[in-house]
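Data block below; observations after.
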Protein chains: 2
Amino acid sequence: MFLELRHLRSLIAIDAATNLARAAEQVHLTQSALSHQIKAMENYYGAPLFLRNTKPLRLTPAGLKILELARRVLPEIERAEKDLLRHAKGETGRLHIAIECHACFEWLMPVLDAFRKTWPEVEVDIRAGVSFDPLPALQKGEIDLVISSDPLELNDISFEPLFEYEARLVMAHTHSLANKSFIDPVDLKGETLITYPVRRQRLDVFTRFLQPAGIEPLAVRQSELTAVILLLVASQRGVAVLPDWVLLEATQKSSLATRPLTQHGMHGTLFAAVRRPESTMPFMRDFIDLARERGN
Amino acid sequence: MFLELRHLRSLIAIDAATNLARAAEQVHLTQSALSHQIKAMENYYGAPLFLRNTKPLRLTPAGLKILELARRVLPEIERAEKDLLRHAKGETGRLHIAIECHACFEWLMPVLDAFRKTWPEVEVDIRAGVSFDPLPALQKGEIDLVISSDPLELNDISFEPLFEYEARLVMAHTHSLANKSFIDPVDLKGETLITYPVRRQRLDVFTRFLQPAGIEPLAVRQSELTAVILLLVASQRGVAVLPDWVLLEATQKSSLATRPLTQHGMHGTLFAAVRRPESTMPFMRDFIDLARERGN
DNA sequence: AATTATCATGAGATTAATTCAAGATGTTTT
DNA sequence: AAAACATCTTGAATTAATCTCATGATAATT
């Protein structure tokens, strides 16, 4: 294993220039350096690479073999290198997003649409895998960004705040609870609560509202789709707790009412968790900025 | 253009070892050297190549890209390098032979048959191109060996003597000249001379025998094939001058007589002309040795 | 024979790569 | 929680490889 790309580049230059001195210029070396380099190769392989006593300098079979190799290999290297540099400049890259909050689809989709317009070469993917733990996957490089509402102090992961939200109870506007200005945990004791089909641990209504008060709703129904949940609520089959960004649009167009949880409301902040070294990459910054504007 | 094969080799090792220290061993470096090397790459491309805070060390997208490149390119390089080394050791190579003397086919064929048995990987070719000048072509690398009977003092070409030969007149054994013990130029004045279809300049009968004496034969007929020439001679359609190695076998089996030209015979030596640097290559030496034995 | 064009060579200079020794950092063990 | 461990990083010193400079050699050209 002696060959280096430098040698291949030299051979291409020599073949093109048909003369060592000019070839040397082409690869930004002195004629002497090239001569030494070739000699080293000839030494190693034990065969001359070109005939010197011929006007348009001529490669020997061995020389031709290396030239051929160079012609095959170098363009590939060059292409890869260009790609890598673009990668670094951030023109291209990978953005595999994991979302912990189910409702985030609502704002994520328009954001991604906008994102793709500026960064068509970045490979975007959303992984709503319910099963896997997103943060370790982020640390391991399996995914590139996690949307999360509870930031941790990690030295390899940076949590970028995106925006605040308020989780509100949503119900039919004819619902009795619509008469209250805010909702207490006990109010849900006789209600059917409709949630996304995930563990309770990952639902703020339970962890931050009902469980602290020791309250269990009458029943829990689950639905995958936000639109379905809203339909069920509208048709009086139950109530749900959803973040305000979901409700903003939905309540305007239908007969739904929303009320804050507790007197002061249940507020939270959404974060984008990314690996620190990548947190400054242009397309990453741009995604975060877009998310902050939520596609408006 | 920063990348060198060294980098590709390192990346492959790192991926395989999943740990810098072990990877370093594999490429015969210290762990520190590898670290520096990787850092240089990361620096150049402006992107990390692998995640350090993960137990089985994991490549980033950029790292994977280089790894992929390495997997594509390195085997090709390795193959080419092996081939080149074999080339140098002479196990493989090219032997394009140009023959100046037409009759040489007679002994060359059996020699080449023997040669191919020992050097199956050497690409053999015979070029009896009547048109081109073989020595310049040899100097230019278009061909690799010239069979010639007149050596020159050239510093890039070596003339290796193969064997001596005698050019003799061949005729039907009933021919009147068969009564003479040797042939004088004037003897051919009334004869039809059968030759190979080449310029007179390249025929010894003319340059060394008839022209010095100012003699022109009655007629000249030409034939491409030695066998045909001998048939014509046997059927009394003329006489021919051929080297003894052709005649040895032929005269034994048919009613042909041969006589020396001039009292002392017209002798010559056959040479193999090769480029000096290649004159020591194993398969070249072997070819020359085989030619000297003329396949016996 | 002198001139020109080209490649080769050796010595010294320069640059790049590698090692060494110590330092960080994160993980596992006690 | 501290200690021990595994692993990568860093900076300085060393070594090795590569390059340049100046000149030599050779062959082709004038």
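Naming: A, B, ... by sequence-line order, numbering from 1 per chain.
In terms of heavy-atom proximity, B:Arg285 sits nearest to B:Ser279 at NH1-O, 2.9 Å.
Every residue two or more places apart in sequence or in another chain that forms a side-chain hydrogen bond (donor to acceptor under 3.5 Å, both in side chains) with B:Arg200 is listed here: B:Glu216.
Residue pairs satisfying the side-chain hydrogen bond (donor to acceptor under 3.5 Å, both in side chains) criterion with at least one member in residues 31-46 of chain A, sequence neighbours excluded, are listed as follows: A:Ser10-A:Gln37, A:Glu42-A:Arg52, A:Tyr45-B:Glu81. Residue pairs meeting the ring-ring contact (aromatic ring centres under 6.0 Å, His included) criterion with at least one member in residues 49-99 of chain B: none, sequence neighbours excluded. Applying the disulfide (SG to SG under 2.5 Å) test to residues at least two apart or on different chains, none of the pairs has a partner in residues 48-99 of chain A.
In this structure, the CD atom of B:Gln139 is 11 Å from the C1' atom of D:dA27, given to the nearest Å. A:Tyr44 has its OH atom 13 Å from the P atom of D:dT18, to the nearest Å. Across the protein-nucleic acid pair, A:Lys39 atom NZ and D:dA17 atom P stand 16 Å apart, rounded to whole Å. To the nearest angstrom, P of C:dT27 lies 14 Å from CG of B:Leu57. Atom CG of A:Leu49 is separated from atom C1' of C:dC7 by 14 Å (rounded to the nearest Å). Put simply, CD1 on A:Ile38 is 14 Å from C1' on C:dT6, counting in whole angstrom units. Look at CZ on A:Arg9: it is 11 Å from P on D:dC19, rounded to the nearest Å.
Below 30°, between 30° and 60°, or above 60°: for B:Phe2 and B:His7 the angle between ring planes is below 30°, a parallel geometry.
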Under a 4.0 Å heavy-atom criterion, the protein footprint on nucleotides 16-25 of chain C, written with B, S and -, is -SSBB-----
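No side-chain donor-acceptor contact under 3.5 Å links A:Arg94 to the backbone of B:Thr60.
Under 4.0 Å is where a charged nitrogen must lie from a carboxylate oxygen, and between B:Glu142 and B:Arg127 no such pair does.
In the region residues 17-26 of chain B, proximity to DNA chain D at under 4.0 angstrom, judged on heavy atoms, holds for B:Asn19, B:Leu20, B:Ala21.
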